[in-house]
Amino acid sequence: MAPKHFLDLDRLDGQTLQQILALGADYKRGEWPTGPHPLAGKTLAMIFEKPSTRTRVSFEVGMLQLGGHAIILSNSDSQLGRGETIADTARVLSRYADAIMIRTNKPEKLLELARHASVPVINGLTDASHPCQVMADIMTFQERRGPLEGRVVAWTGDGNNVACSWIQATVHFGFEMRLACPPELAPPAAVLAWARDNGGRVSVTTNPVEAVRGADAVITDTWVSMGQTDKGRHALLAPYQVNDALMGQAHPEAVFMHCLPAHRGEEVTDSVMDGPQSVVWDEAENRLHAQKGILTWCMS
Ligand code: CP
Ligand code: NVA
């Protein structure tokens, strides 16, 4: 049987994603529909080619709570850093571990790993997407505001990897997404086209007020992602900051979301980050619960 990879939201169906989130929510409530320790004796190998706090800790703690174990490899302390190929690494890790998570730059590396692994591969972020993050974000929205279906989600700032996974999610969860981005930093046309071709409702504007007006969630992310240099980004993105004035344009019960780490005073002000509409700490916590759902789905 082919491994159950968790690569990107455009490669999975909505029913599977809902099932994974429901399982994660069961775990969060302390329920074990799969029996306690469903991953007893199983090992997750995690490759980090970029830094991480939340992804690393939530996957490691998640594996422990599911009865399994996690091993961390970085470029500098594994043979990947000395030129062993992704394909050979995939073949070898598949002989030891029951699943592999990778955080890397190029999405092609994730796909190559999946092509050569005989165990499930999980995308822990690439330059192009961050699907585990968006699963946790959806769980968080639904806890606070109920089903996403029919709601409006606003994204303001860089049309980056996290934005792309949110755009893909429109196809599966029936919400409208309005992005406000500088033209130079708009999401890739192919991602928008895939979502629209598959029934997603996505619009892109350069006006943050237009995107945020009446929205049920307001989301942003860092102006400079890992591996990027500033190259005028701060100047381009300054008008897209989420502050009290912009938040005031959203629905009165709108939530503010950010995958973290945040750059306070840049993409978001302290007043919004620490304000009553912010759900950023729940988002961070839900990485753990949503990923426990993903890990169980992949390995069972
Ligand atoms: N949000 C997120 O993925 O955080 P880390 O980079 O700390 O893993
Ligand atoms: N867009 C950010 C997300 C970090 C979790 C980055 O890629 O650095």
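Counting starts at 1 for both ligands and their atoms, following the listed order.
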Protein heavy atom at shortest distance from atom 2 (C) of ligand 1: R287 NH1, 3.3 Å
S165 side chain to H130 side chain, donor-acceptor N/O pair below 3.5 angstrom: no
Sub-3.5 Å N/O-N/O distance, S225 and ligand 2: yes
Identity and separation of the nearest protein heavy atom to atom 6 (O) of ligand 1: R103 NH1, 2.8 Å
Element-labelled atoms of ligand 2 that are located less than 4.0 Å from some non-hydrogen atom of L260: 5 (C)
Donor-acceptor pair between Q15 and D13 side chains, under 3.5 angstrom: no
Ligand-residue contact atoms, ligand 2 with L125, heavy atoms, under 4.0 Å: 3 (C), 4 (C), 5 (C), 7 (O)
Polar proximity ligand 1 side, L125 side, N/O cut 3.5 Å exclusive: no
Only pairs under 3.5 Å count here: list side-chain donor-acceptor contacts from residues 246-258, not counting sequence neighbours, and write none if there are none.
unit_1 : atom_1 : unit_2 : atom_2 : d
H251   : ND1    : E253   : N      : 2.9
H258   : ND1    : L260   : N      : 2.8
H258   : NE2    : E267   : OE2    : 2.7

Over all atoms of both residues, closest heavy-atom pair of Q228 and D158: OE1-OD2, 4.2 Å
Residue pairs fulfilling salt bridge (charged side-chain N to carboxylate O under 4.0 Å, His left out) with at least one residue in residues 165-179, sequence neighbours excluded: E176-R178
Any donor-acceptor N or O pair under 3.5 Å, side chains R201, T170: no
Atom 4 (O) of ligand 1: nearest protein contact (heavy atom, Å): R54 NE, 2.8 Å
Atoms of ligand 2 close to D221 [distance to a heavy atom under 4.0 angstrom, numbered from 1]: 1 (N), 2 (C), 3 (C)
Sub-3.5 Å N/O-N/O distance, H130 and ligand 1: yes
Those atoms of ligand 1 less than 4.0 Å from some heavy atom in T53: 5 (P), 7 (O), 8 (O)
Separation between CD of Q65 and OH of Y27, rounded to the nearest 0.5 Å: 10.5 Å
Residue and atom name of the nearest protein heavy atom (relative to atom 8 (O) of ligand 2), distance in Å to one decimal: M226 N, 2.8 Å
Numbered atoms of ligand 2 (with element) below 4.0 Å of N161, judged on heavy atoms: 1 (N), 2 (C), 6 (C), 7 (O)
Any N or O of P261 closer than 3.5 Å to N or O of ligand 1: no
N or O contact, R103 vs ligand 2, cut-off under 3.5 Å: no
Side-chain donor-acceptor pair present, N286, E143, cut-off under 3.5 Å: yes
Carboxylate-amine/guanidinium proximity below 4.0 Å for K50 and D127: yes
